[in-house]
Colleague: 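What follows is a structure written as structure tokens; I'll ask about it next.
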Amino acid sequence: KAQQFTFLQFLLGLLSYLMAHVFETWIYFRRNVALVLCIPLSVFVLAIIYYVVTIVDQLVLPDDKAVFGHVVAWSRYENLNDLDAEAYRYETSRAPRSSQAR
């Protein structure tokens, strides 16, 4: 749920940014030029909306079709130690005693 909400906020921000440019043309250009610019920009924004909705609808997997469980092929990697933790432990064990006391 939180991921969907965050993605929705991202899309709304992107669409707001694009619509701001459509409105910006009316501020900086004459009416005829702004009208000519708004048509392709609006088509572009509508195409983005259409393709985002289409692609997200095809890619979102409902919870009832999702697979949860254990991947057998990855089981041999489950007992590996964290490399960062091992490197940090190695550095602290090699540090001189005087620097550890401070």
Colleague: Should side-chain heavy atoms under 4.5 Å link Ile, Leu, Val, Met, Phe, Trp and Tyr, which residues sit in the same cluster as Ile39?
Modeller: none
Colleague: Is it possible for you to say whether Phe10 and Ile48 belong to one hydrophobic cluster, with membership spreading through side-chain heavy-atom contacts below 4.5 Å?
Modeller: yes
Colleague: Any chance you could measure Leu41, atom CG, to Leu18, atom CG, to the nearest 0.5 Å?
Modeller: 8.5 Å
Colleague: Tracing side-chain links under 4.5 Å among I, L, V, M, F, W and Y, which residues wind up in one group with Val43?
Modeller: none
Colleague: Nearest 0.5 Å, what's the CD1-CG distance between Ile49 and Leu11?
Modeller: 9.5 Å
Colleague: Suppose we screen for side-chain contact (heavy atoms from CB on, under 4.5 Å). Which residues come up paired with Phe23, at least two apart in sequence or across chains?
Modeller: Met19
Colleague: For the hydrophobic clusters of this structure (ILVMFWY residues joined by side-chain heavy atoms under 4.5 Å, transitively), does one cluster hold both Val22 and Leu35?
Modeller: no
Colleague: What pairs meet the side chain to side chain donor-acceptor pair (under 3.5 Å) rule with one or both residues in residues 22-31, with sequence neighbours excluded?
Modeller: His21-Glu24
Colleague: Using side-chain contact (heavy atoms from CB on, under 4.5 Å) as the criterion, list what pairs up with Leu61, not counting sequence neighbours.
Modeller: Lys65, Ala66
Colleague: Checking one residue: Tyr50. Which other hydrophobic residues are in its cluster under the side-chain 4.5 Å linking rule?
Modeller: Tyr51
Colleague: Among all residues two or more places apart in sequence or in another chain, which pass the side-chain contact (heavy atoms from CB on, under 4.5 Å) test with Val36?
Modeller: none
Colleague: Please list, chain by chain and in numerical order, all residues satisfying side-chain contact (heavy atoms from CB on, under 4.5 Å) with Leu8, sequence neighbours excluded.
Modeller: Leu12
